[in-house]
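Working notes, structure below.
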Amino acid sequence: MNPRTCVIVGGGVAGIEAATAFRARDADSRILVLTDEPWPFYARIRLGEVVDGRLDPQGLFLRLDAWYAEQRIQMQREARVDGIDVPGARVRLAGGESIPYDALLLAVGARPFLPPFPGAELNSVATLRSMNDAVQLRRRMVPGGTCVVVGGGLLGLELAASMAGTGTAVTVVEAASWLLSRQVDPEGGAVLQGMLERKGVAFRLGAGVLGVEESGNGAARVLLKGGESLSADLVVVSAGVRPDTTLAREAGLAVAQGISVDDAMLTSAPGVWAAGDCAQHGTGLYGFWSAGAEQGKAAGASMAGAVVNYKGTVRQTTLKITDVAVFCIGDMSAPFDRQESFQDGDSYRRVLMDAAGRVAGAVLVGNLDERKALVVSSMTGRPYRP
Ligand SMILES: Cc1cc2nc3c(=O)[nH]c(=O)nc-3n(C[C@H](O)[C@H](O)[C@H](O)COP(=O)(O)OP(=O)(O)OC[C@H]3O[C@@H](n4cnc5c(N)ncnc54)[C@H](O)[C@@H]3O)c2cc1C
């Protein structure tokens, strides 16, 4: 094949894995990664460690300049793509420059979802997705201050624990009546809540946010349904993410919730692939690191001409809070034939299985000893043997 130009929009895990996989199969073509961030590829999943000051941004960098040079991958930072001309096979940068491509990958990730409550636009309300967000949050944390985290999912809980560890008084507001209500039953939620309360995190469960108001000196008041209000120096909303589909929609690509891709990660447009948090494979929207990595690898190989047959990624997550062990695998909303639930003190387990005993979804809290057996059953389809 003649040398070509492979353009990748997005320098996160999907983009960088794609660039690596492309280079492994094609030594000669030009690879250009365009990212709107000022940072090199970093461990987005560890941003909490920048928020609480355990690490500087540099501590999260995953590839140094020498690696890009060695791989002959050009990384252009602060380069925002604001349009794609599919018939002309070019991308347009925000500054006006137009770049031709032979193969284009959209690896633009996802954006935090901000529920439309009054006050969501206030300065005291923030979200955490990028390194810039983490640096800003770190700067805005007031010693001995107060923070309300809206949303008690895995990310919100991690952030709450990180901030509580710095001496900030943190309250998590969660609409469901118990934590991780989609994954665990009320007993499991109570075990997790107890562990986090011992780390200094307070909770308002079954509590909806009506709005946020300014209360002077840059502080805010979070108004809850039921009449209570919580004052906070900082309000962080952690209410999930939405795939970033703007560029794809504007270019006329097929988009469901994410950018629709086939088993080779190809979109509906010739010469355009998508991978990671922005992509939707069948009904699968993932939103986690290992899926972004696998999809990026598949897309990069496919763009270099390999035959690729991506079939989905097993969902696995671990809560990254010291001394608070939580592990989730599979889909807790999947149909199941039987379930096993177990609770003893600070240890909780819930496993959903099909008729043959294969794991459809499972959650462990406190004690992760069963993790290996669950991974084996989920990955191989063999019956789960505790
Ligand atoms: C705080 C936090 C903790 C997390 N913890 C976990 C965890 O424990 N486990 C887990 O599996 N997952 C976790 N995740 C999710 C995980 O980080 C994502 O699933 C993963 O980063 C997705 O990778 P991606 O490459 O698809 O997108 P991203 O990493 O979001 O990269 C996309 C990049 O594209 C850039 N971009 C977007 N639009 C443009 C444009 N028009 N022009 C140029 N560049 C553009 C973005 O700025 C970004 O740099 C966490 C996420 C966060 C924020």
Side-chain angles (χ1 to χ4, degrees), residues 7-19 32-52 60 62 75-84 91-95 99 104-113 126-134 137 149 151 153-163 236-238 240-251 258-259 261 265 274-281 285-297 299-300 313-321 326-329:
V7 172
I8 296 175
V9 189
V13 62
I16 296 301
E17 289 291 355
L32 174 63
V33 179
L34 301 167
T35 172
D36 57 0
E37 295 197 58
W39 310 94
F41 174 41
Y42 59 87
R44 193 174 301 280
I45 64 175
R46 293 176 58 195
L47 285 175
E49 294 172 58
V50 172
V51 175
D52 67 17
L60 295 191
L62 293 172
M75 174 92 148
Q76 201 170 322
R77 296 183 208 156
E78 297 184 274
R80 178 160 188 82
V81 172
D82 73 357
I84 308 167
V91 293
R92 189 185 62 238
L93 295 187
I99 300 172
L104 172 69
L105 174 68
L106 296 178
V108 290
R111 293 184 185 174
F113 172 63
T127 52
L128 174 62
R129 175 73 192 182
S130 66
M131 182 68 85
N132 280 356
D133 295 338
L137 276 176
V149 175
L154 289 169
L155 228 101
L157 296 179
E158 280 182 6
L159 188 62
S162 285
M163 289 181 146
V236 186
V237 178
S238 181
V241 293
R242 298 290 179 269
D244 191 338
T245 57
T246 315
L247 279 175
R249 272 182 209 284
E250 288 174 0
I259 307 168
V261 292
M265 309 312 294
D277 281 10
C278 65
Q280 177 165 349
H281 175 254
L285 269 180
Y286 290 97
F288 62 90
W289 186 269
S290 57
E294 285 182 16
Q295 293 186 359
K297 275 182 199 147
T313 300
V314 173
R315 292 165 200 274
Q316 283 189 62
T317 0
T318 310
L319 196 64
K320 304 180 295 299
I321 304 177
V326 175
F327 172 71
C328 308
I329 190 164

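All ligand and atom numbering here is 1-based and tracks the order in the structure.
Residue Glu37 touches ligand 1 through its side chain alone, judged by heavy-atom distances below 4.0 Å. Counting heavy atoms under 4.0 Å from ligand 1, residue Leu247 touches it through the side chain alone. With a 4.0 Å cut-off on non-hydrogen atoms, Ala291 does not touch ligand 1 at all. If you look at Ala79 next to ligand 1, the close heavy atoms, those under 4.0 Å, all belong to the backbone. Counting heavy atoms closer than 4.0 Å to ligand 1, residue Arg46 contributes nothing at all.
Shown are Leu32, Leu247, Val7; of these, the side-chain contact (heavy atoms from CB on, under 4.5 Å) with Val91 is made only by Val7. Exactly one of Thr127, Asp277, Asp244 qualifies for a side-chain hydrogen bond (donor to acceptor under 3.5 Å, both in side chains) with Arg111. That residue is Asp244.
The two residues Gly12 and Phe41 come nearest to each other via the heavy atoms C-CE1, 3.6 Å.
Closest to atom 51 (C) of ligand 1 among all protein heavy atoms lies Leu155 CD1, 3.9 Å.
Residue Val81 places at least one N or O, backbone or side chain, under 3.5 Å from an N or O of ligand 1. Where the criterion is an N or O separation shorter than 3.5 Å, residue side chain and backbone included, Asp36 meets it with respect to ligand 1.
Panel note: side chain Lys320, backbone Ile45; a donor-acceptor pair is recorded below 3.5 Å.
Close approach of ligand 1 to Val9 is summarised as follows: ligand atoms under 4.0 Å from at least one heavy atom of the residue are 40 (C), 42 (N), 43 (C). Ligand-side atoms of ligand 1 in range of Leu34: 43 (C), 44 (N), range being under 4.0 angstrom from any heavy atom.
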